[in-house]
Visitor: 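Got a structure here, written out as structure tokens. Questions coming.
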Amino acid sequence: MTETAASPAALKPPRSQWRDVWDQFRTHKGALLGLIVLVSLVLFVTIGPFFRDAPDLTIAQQIKLRNKPPSWEFPFGTDQLGRDMLLRMMEGGKVSISVGLVAMLISITLGSTVGVLAGYFKRLDGPLMRMTDLFLALPLLPLLLVMVMLFREKLAGALGPEAGTFLLIVSAIGVTSWMQAARIVRGEVLALKEREFVLAARSIGTPPRRVILRHVLPNVMSPIMVAATLGIASAIITESALSFLGLGFPPDFPTWGRLLYDGVEQMQLFPARVIWPGLAISLTVLSVNYIGDGLRDALDPRIRGR
Amino acid sequence: MKMKAALLGAVALAGLAPAAYAERGADGHVNILYSQAPSTLNPYLSSGTKDIENASLVIEPLAGYDEKGVMIPRLVDEIPTLENGGVAEDQKSITWKIKPDLKWSDGSPVTADDVVFTAEYCMHPEGGCAQLAKFEGVEKVEAVDPQTVKISFKEAKPNPYLAFVGSTTPVLQKAQFANCLGAAASTCTEQNFGPIGTGPFRVVEFKTNDVIQLEANPEYRDPAKPAFATVTVKGGGDAASAARAVMETGEFDYAWNTQIPPELQQAMEQGGKGEFVSGFGTLVERIEMNMTDPSPDLPEGERSTAKHPHPILSDLKVRQALSMAIDRNLLVEIGYGNAGRPTCNLVPAPEMYASTDNTGCLTQDIEGAKKLLDEAGWTDSDGDGIRDKDGKKFSLLYQTSVNPVRQDFQALIKGWWNEIGIEVELKAVDGSVFFGGDAGSPDTFQKFYADVEMYANNFDGTDPEAYLAEHTCAKAPRPDTQWQGENINRYCDPAYDAMIAELGKTGDLEKRAELAKKLNDMLTKESMTIVPLVDRGRLSARSKTLGGVVLNTWDSELWNASDWYRMK
């Protein structure tokens, strides 16, 4: 320490911007904890199944194992058909987390594009925001019904039932949940557009594309992050609602939402069947929220370094 | 003859019973819980079971059914038959003789005019009667004398026991409903919520969709009954909480339709306050095999129609193998517990119509199924674990409605079919869409855009003729019928159609039963187009202190509420 204090600041190795962001992020305890939880959940669902092979049993053998309490062999117990709950949690989580992330990416990309365009270009503002209103007014469920009816068989034929349904569900959720993000981003952009640094950039002839990417977008990152974190949560929940209505994945395809729904009936006898998937969904949503909170602080140059 | 013996038995029982509870109203109060709340007490304006059953406490038909599906007299002394001359030789009319000195709960006498009026009330062209089907083919209903009613039919009716038999078509009081004919029917709130009847109880207060208060009918024909002075019927909640209210907390004495998973049934029985009662009717959970090709490659309008037979399931051996691979006993154990039993019959009851020797499917035979598939030419030639034939994989789409038990069944049956080398894709459709019958939706059970599908169905009353007649060639759903029709699997056999026509002309009960059994076997064990899985019963809960409960699936569950008593 003494040496660094003695040497002139100019000799310090240059710090990258992302390093700064990380340093700021680290100071947010909740965010750090959230990141650890989320990473472990992701590892649980991606790497977990490699350590836990699906036992190759006939139905007659499998059914003998039903309703087993937690044990060394089955840490989460087994369900009413003798299936390993731990394995089902892993498989279900893989679907739920990827649906959440992908749907969120789609909706955020759509939302911020529409928002930035509407905020920055006056001529596009009217039409784009009316379109947003239109989408907000559309009832989600009937729209999804129509989408599923029109495309399910074609997609399932082309990509197989699982990949086809996945694509359909993430795009359906993505396409119907970008509106809030678009409105928030537009508002921010409208305010930013009038700020001096944007004016300066424009006065030296920066083309709009550059102004948006260089000056506007980094400054609206925090609201986008908040919208994104909330988006993951609602995407996971929408997926469970769809599976519940029979519009989601095939019934033998576990997701956290479906496990939760299946467990409700036996809640009194086997509370663990509701607790585990419920806990997993809550933990994911909560950790993502905290990460979003920390990221917002870390990405904001006005807060960073204080 | 059989019926007479049963009737004598019923009379003998009725004679013995009063010894246990000698005085009307001596046992105080009874609480009944319906998880669906009753919204009216007029069965002619509602087809809801909850409404019909609650109404049966107050108003009664001429005759009803007992727990075995045998007809019992209610407002008459004996059931009219061909032998006793009550049914005309040409089967075109039936004559009922009302009990003498029968009184409504307001003290006025019950006459044939009331019956004639009730028929008029339901058959009124502007009335929108919910039970009109029961009056189908009725030409006129007339009062021969104050005690005698004659119902004439347009043509010979082998089964004349439809109108005024069973709790769906009770007799209304003419004096009360005189101004409620036709379009005025639904505006008569006071009458519909508090009908005057002949039943064991009369209405004190009716709060729609909530609660009904009743008290013993002072004019009831048996002076010693009912044992309870007052009744409260509470509506609302769900099956599990209704069961809990009887089995664990003991707040209620009887809960209707408490269909809950077997593990929960066992756990609740430990509560010690009550027990489950089950009764079996005609509801059969089955797998239907699509005899036509549902492939999405076919043009819309030709998919799942008789134009293209199914490429895999048209082979009888394949259908047999699919049925053999299923362990029905396990399905019952997992899904229904006390409320189900394995069956191979489409018509599992009443006894006289049930094909008793059709039990071959009850034992699972995985090896036998494999052998049958080998014989049919389906072998695993490329070693991927899935059978194939001429380059086509044995792959099935298996659909049903969204329901936890059905999804468990799907998982199990998929497992068994996988074991015999069949690839299965599962699909679950929301019940309101699946059973919705919308011709525009591809997901209805009538459209059957899948290879196999699972659902349950039953028939009304005790005669299976109409139910079996659903499987004639002409009743297949197809584009020119707007996809309506009951022959879901598109089974088509001229011999079957001919036998149905014969059944329609046969009046003799024993011959009818014989024909019905043959038809049942043709659909099930001989062709396996319908693969019955589980005979699903009714499951209700009763308190251990409530005596006299006999669960009846042929009539109202509260059919013998007059015999209920408090066990001391």
Side-chain angles (χ1 to χ4, degrees), chain A residues 54-64 66-68 79-83 88 141-142 144-146 148-158 160-162 164-165 241-254 258-271 273, chain B residues 238-241 244 248 260-268 294-297 303 325-327 330-331 333-335 364 366 397-420 424-434 440-443 449:
Chain A
D56 190 22
L57 298 175
T58 62
I59 293 290
Q61 291 163 332
Q62 178 196 312
I63 217 75
K64 288 200 191 96
R66 82 186 120 127
N67 295 333
K68 284 255 188 293
D79 71 357
Q80 74 276 15
L81 300 182
R83 293 173 295 200
R88 276 171 79 72
L141 223 49
L144 289 172
L145 267 168
V146 174
V148 171
M149 204 180 93
L150 289 179
F151 305 120
R152 170 145 76 185
E153 284 187 9
K154 283 177 200 140
L155 279 174
E162 281 140 36
T165 319
L242 280 178
S243 295
F244 174 71
L245 286 174
L247 298 171
F249 291 92
D252 53 336
F253 207 72
R258 177 178 293 282
L259 290 177
L260 188 61
Y261 163 60
D262 287 349
V264 166
E265 205 168 322
Q266 291 156 332
M267 189 157 59
Q268 199 191 9
L269 289 174
F270 306 103
R273 279 184 208 160
Chain B
D238 58 74
S241 54
R244 196 162 290 137
E248 286 180 352
I260 50 171
E263 290 104 359
L264 209 50
Q265 287 175 25
Q266 279 169 13
M268 282 196 186
S295 161
D297 303 335
R303 264 181 99 176
I326 298 170
D327 182 354
L330 186 65
L331 290 180
E333 202 184 315
I334 297 279
Q364 184 190 27
I366 295 268
L397 175 62
Y398 173 12
Q399 73 176 11
T400 189
S401 68
V402 175
N403 168 318
V405 176
R406 293 213 166 110
Q407 264 73 76
D408 283 356
F409 277 24
Q410 273 188 315
L412 288 172
I413 292 171
K414 177 182 175 171
W416 287 316
W417 286 353
N418 284 342
E419 278 173 39
I420 60 171
V424 185
E425 185 193 330
L426 300 184
K427 184 173 165 187
V429 184
D430 182 47
S432 56
V433 176
F434 192 61
S441 164
D443 288 333
Y449 282 179

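Order of the sequence lines fixes the chain letters, A, B, ..., with proteins taken first and strands second; residue numbering starts at 1 for each chain.
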Visitor: What I want to check is whether the side chains of A:Asp262 and B:Gln407 have a donor and an acceptor closer together than 3.5 Å.
Guide: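 Note: A:Asp262 and B:Gln407 side chains miss the donor-acceptor criterion.
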
Visitor: Is it the side chain or the backbone of A:Asn67 that comes within 4.5 Å of chain B heavy atoms, both, or neither?
Guide: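 Just its side chain gets close to chain B.
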
Visitor: Centre of B:Tyr449's six-membered ring, under 6.0 Å away, within 45 degrees of the axis: is that where NZ or CZ of B:Arg303 sits?
Guide: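 Yes, cation above the ring, under 6.0 Å and within 45°.
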
Visitor: Side chain, backbone, both or neither: which part of B:Leu330 has a non-hydrogen atom closer than 4.5 Å to chain A?
Guide: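 Just its side chain gets close to chain A.
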
Visitor: Ignoring hydrogens and geometry, is there a side-chain-to-backbone donor-acceptor pair from A:Gln62 to A:Leu81 under 3.5 Å?
Guide: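 Side chain of A:Gln62 to backbone of A:Leu81: a pair is present.
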
Visitor: Could you tell me whether the side chain of B:Gln266 and the main chain of B:Glu263 form a donor-acceptor pair under 3.5 Å?
Guide: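 Side chain of B:Gln266 to backbone of B:Glu263: no pair is present.
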
Visitor: Checking A:Ile59 against chain B: side chain, backbone, both or neither under 4.5 Å from a heavy atom?
Guide: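 For A:Ile59, heavy atoms of backbone and side chain both lie under 4.5 Å from chain B.
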
Visitor: What part of B:Asp327 lies closer than 4.5 angstrom to a heavy atom of chain A: side chain, backbone, both or neither?
Guide: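 Looking at B:Asp327, nothing touches chain A.
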
